[in-house]
Amino acid sequence: MRSSDDPKHSRSAARERDIIAVLLALNPGEVVTYGGVADTAGHPRQSRLVGRILAERSDELDLPWWRVVNASGRLVPGHEREQRRLLAAEGVMVAANGRVRPRNP
DNA sequence: TCCTTGACGAGAT
DNA sequence: CATCTCGCCAAGG
């Protein structure tokens, strides 16, 4: 029996699994939103989970965190310069107002 | 078990 | 544009 809290089959494990898959599938130059990633992963309204995964496991899993911005096109707080540099390397320009136009608003 | 904290989002004020 | 409220949810205290 799969106990509801089995880390390998819990609902949260499935959400993380799906969200991570979507993140790893992002291509260079492709900018998406937290909510967009959640939707694509089949887990609408889980934008906060997307942010948490990026914040805690980007290094470990080599997630392309710089290709994710919030619904307003704002860059990640505290990482603007680094993110801007990484995006520029992929041909994505940040507007003068400090925003980017996401592919899936 | 309850409460607070977020790389969030949408809507109201 | 700045704040707030409410929804959502894993983590950590």
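To find a chain, count down the sequence lines: A is the first, B the second, and so on, and within it residues start at 1.
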message: From C-beta outward on A:R52, which listed nucleotide comes closest to its side chain: B:dA7, C:dA11, C:dC1?
response: C:dA11
query: CD of A:E16 versus P of C:dA10: gap in Å, rounded?
result: 8 Å
statement: Rounded to whole Å, the CD1-P distance (A:I19 to C:dC8) equals 15 Å
Pair A:W66-A:E90, side-chain donor/acceptor within less than 3.5 Å: yes
message: If I take atom CD in residue A:Q46 and atom P in nucleotide B:dA7, what distance separates them, rounded to the nearest angstrom?
response: 17 Å
task: Taking only Lys NZ, Arg NE, NH1 and NH2, and the carboxylate oxygens of Asp or Glu, determine whether A:R52 and A:E16 approach each other closer than 4.0 Å.
output: yes
- request: Can you figure out which of C:dA10, C:dC8, B:dC8 approaches the side chain of A:Y34 most closely?
  value: B:dC8
- request: Could you say whether A:R74 or A:S12 is positioned toward the 5' end of DNA chain C, judged by the nucleotide with the nearest heavy atom to each?
  value: A:R74
task: Considering just the side-chain nitrogens and oxygens of A:R15, establish if one lies under 4.0 Å of OP1 or OP2 belonging to C:dC9.
output: yes
message: Whole angstroms only, please: what is the CG-P distance between A:L54 and B:dC8?
response: 10 Å
field: Separation of atom CG in A:L23 from atom C1' in B:dA7, rounded to whole Å
entry: 12 Å
task: Tell me which nucleotide among B:dA10, B:dA7, C:dC1 gets nearest to the side chain of A:R99.
output: C:dC1
query: Which one of A:I20, A:L23, A:L49 satisfies the side-chain contact (heavy atoms from CB on, under 4.5 Å) criterion with A:L54?
result: A:L23
message: From CG of A:N97 over to C1' of C:dC1, roughly how many Å is that when rounded to an integer?
response: 13 Å
message: If you assign each of A:S47 and A:E56 to its closest nucleotide in DNA chain C, which residue comes earlier from the 5' end?
response: A:S47
- request: Begin with the C-alpha distance, continue with both residues' side-chain angles, and end with the deciding distance and a verdict on side-chain contact (heavy atoms from CB on, under 4.5 Å) for A:W65 and A:R57.
  value: CA-CA 10 Å; A:W65 61 268; A:R57 320 180 60 185; over 6 Å; no
message: So for A:R48 and C:dG7, does any side-chain atom that can act as donor or acceptor lie under 3.5 Å from a complementary atom in the base?
response: yes
- line: note: A:R45, atom CZ; C:dA10, atom C1'; distance rounded to Å ~ 17 Å
- request: Answer with base, sugar-phosphate or nothing: what part of the nucleic acid does A:R57 contact at a heavy-atom distance below 4.0 Å?
  value: nothing
message: Between the side chains of A:R74 and A:E80, is the shortest nitrogen-to-carboxylate-oxygen separation below 4.0 Å, so that they form an ion pair?
response: no
- request: Measure the distance from CG on A:L49 to P on B:dG9 and round it to the nearest whole Å.
  value: 13 Å
